[in-house]
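Report on one structure; see the data block that follows.
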There are 2 protein chains.
Amino acid sequence: MTALEQYVSSYFGVAEAAELAVISSLFKPETIKKGDYFLLTGKASDRLSFVQTGILRIFLATENKEVTQWISTKGYFVTDLSGFIFEKPARWTIQALTDTDLFTIKREDYKRIGVLVPKWHELEKLFIASCFTTLEDRIFTHLSMTAEERYELFFEHNKSLFNQVPLQYIASMLGMTPETLSRIRKK
Amino acid sequence: MTALEQYVSSYFGVAEAAELAVISSLFKPETIKKGDYFLLTGKASDRLSFVQTGILRIFLATENKEVTQWISTKGYFVTDLSGFIFEKPARWTIQALTDTDLFTIKREDYKRIGVLVPKWHELEKLFIASCFTTLEDRIFTHLSMTAEERYELFFEHNKSLFNQVPLQYIASMLGMTPETLSRIRKK
DNA sequence: GCTTCCACTTGACAAAAATCAAGAACATTT
DNA sequence: AAATGTTCTTGATTTTTGTCAAGTGGAAGC
């Protein structure tokens with residue numbers, strides 16, 4: 001069983017081995033180099049990928065600064081969800097922070113899953129609902145915690161990320177400046 | 001066509017009138033009084049409701065303060081999503097800020113929709129995905145905007161809310177203190 | 001090995017927002 | 001109308017966080 005199959009079965013709970021094989025056969029291996037863009041804001045978001053190895057940064061460039069929305073690592077799916085699902089221009093830019101191995105499905109093939117695997121839409125609904133809950137938690141941290149508390153919480157759950165990606169991106173993702181993050185970490 | 005049917009058909013795009021009738025027949029009218037609790041943190045979240053009239057506040061009480069996550073008004077659905085879908089204890093407390101008329105579906109009946117309306121899971125997936133996108137936007141405001149900018153943005157899109165609910169709840173929802181909101185508004 | 005480029009740190013200062021405390025405005029009840 | 005209880009405002013102050021600027025350290029390229 002590939003990492004993709006394990007992930008799909010653990011998160012989506014597809015029961016039938018045959019269905020699992022169908023799903024994973026539609027994902028194709030893809031490699032992107034450090035610095036390459038997986039997606040650009042405004043372009044068509046026509047693929048959904050599973051990160052096998054490597055790190056990607058999801059961000060948006062504003063007039064003043066780049067705002068990092070999320071950092072995707074091994075075991076995560078990566079896409080611009082609204083662009084992918086609703087066939088609208090991508091909201092986010094996604095760039096590889098390291099050489100990255102992906103399993104990628106094109107929208108065309110993705111649509112076939114719903115036909116081939118009857119339970120797919122329901123499983124996907126549950127998956128997106130759990131993502132929704134994660135974002136609810138994240139909003140809650142911004143409504144109720146200081147920068148330092150947000151750092152502590154994130155650090156507890158993502159220790160290994162801190163020696164793999166530039167801290168400035170983590171700072172942005174936590175809603176603080178690199179200087180503030182640096183001062184918090186000094187303690 | 002009831003407000004519920006209009007909302008379901010506009011958001012979920014159910015094509016068949018018969019299907020729409022099936023869905024809306026499973027929602028039952030319910031009234032709750034100002035101050036009553038629709039849901040308590042830790043309890044079972046076993047219903048999903050459509051707000052026909054009235055206002056509800058979704059919040060969580062922490063040691064120091066109450067954190068308002070969202071305010072639901074006419075035309076919104078209200079539930080604790082993670083509790084409702086995954087049958088877990090509710091994360092949020094939901095209280096009526098005014099007398100409120102709801103159309104409510106119990107989880108038991110909700111599960112029947114998926115059987116009665118084949119497209120339901122897909123439509124629901126799309127609906128939850130759009131909710132996900134809304135939360136992404138909201139996180140982005142906390143990563144990139146000042147309290148004043150968040151206020152301006154929210155005020156532009158929700159003017160009418162400001163003379164219907166206590167401003168302290170809006171302040172909390174926007175991630176600032178009531179004093180800060182008051183000072184921003186003085187300008 | 002030297003240069004160049006980043007990323008990070010540090011200090012001084014400014015701005016934003018929170019806290020604390022008092023009082024005003026407003027609605028609700030009696 | 002008086003009393004009560006919220007909610008909102010305002011001022012003074014503190015804390016938190018951001019900004020600007022300079023400097024350090026390490027990694028990659030020449």
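Each chain gets a letter, A, B and so on, in the order the sequences are listed, and its residues count up from 1. What you see is a predicted model, and the numbers here were worked out from it, not measured in a lab.
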Mind checking what makes salt bridge (charged side-chain N to carboxylate O under 4.0 Å, His left out) contact with [X], not counting sequence neighbours?
X: B:Glu156; value: B:Lys159
X: B:Glu66; value: B:Arg57
X: B:Glu148; value: B:Lys187
X: B:Asp46; value: none

Name the orientation class of the two ring planes belonging to [X] and [Y] (parallel below 30°, tilted from 30 to 60°, perpendicular beyond 60°).
X: A:Phe127; Y: A:Tyr7; result: perpendicular
X: B:Tyr151; Y: B:Phe162; result: perpendicular
X: B:Trp120; Y: B:Tyr110; result: perpendicular
X: B:Tyr76; Y: B:Trp70; result: perpendicular

Give the B/S/- string for nucleotides 24-30 of chain C, one per nucleotide from 5' to 3', where a protein heavy atom under 4.0 Å of the base yields B, of only the sugar-phosphate yields S, and otherwise -.
-------

Taking all atoms of both residues into account, what is the closest heavy-atom pair of A:Asp99 and A:Lys34, and its distance?
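Looks like OD1-N, 2.8 Å.
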
Terminal helix-axis angle for the helix from C:dG1-D:dC30 to C:dT30-D:dA1, with five pairs defining each axis and rounding to 10 degrees
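Computed angle between terminal axes is 40°.
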
If you look only at pairs with a residue in residues 130-139 of chain A, which of them pass as a salt bridge (charged side-chain N to carboxylate O under 4.0 Å, His left out), with sequence neighbours excluded?
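Listed by first then second residue: A:Glu136-B:Arg91, A:Asp137-B:Arg91.
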
Report the hydrophobic cluster partners of B:Val115, with the cluster defined as I, L, V, M, F, W, Y residues connected by side-chain heavy atoms closer than 4.5 angstrom, directly or transitively.
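Its cluster mates, by chain and number: none.
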
Can you list, in residue-number order, the parts of residues 178-187 of chain A that come under 4.0 Å of DNA chain D, counting heavy atoms only?
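Those residues are A:Glu179, A:Thr180, A:Arg183.
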
Near-strand residues of residues 159-177 of chain B, defined as heavy-atom separation under 4.0 angstrom from DNA chain D:
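Heavy-atom contacts with DNA chain D come from B:Pro166, B:Leu167, B:Gln168.
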
Going by heavy atoms closer than 4.0 Å, what residues in residues 135-154 of chain B are next to DNA chain C?
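Those residues whose heavy atoms fall under 4.0 Å from DNA chain C, taken from residues 135-154 of chain B in numerical order, are B:Thr146, B:Ala147.
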
Between B:Ser45 and B:Asp80 (side chain of the first, backbone of the second, donor and acceptor by atom type, cut-off under 3.5 Å), is there such a pair?
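Yes, the answer is positive, given that a donor and an acceptor are paired below the 3.5 Å cut-off.
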
Quick one: side-chain hydrogen bond (donor to acceptor under 3.5 Å, both in side chains) partners of A:Asn158, sequence neighbours excluded?
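With sequence neighbours excluded, A:Asn158 shows a side-chain hydrogen bond (donor to acceptor under 3.5 Å, both in side chains) to no residue whatsoever.
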
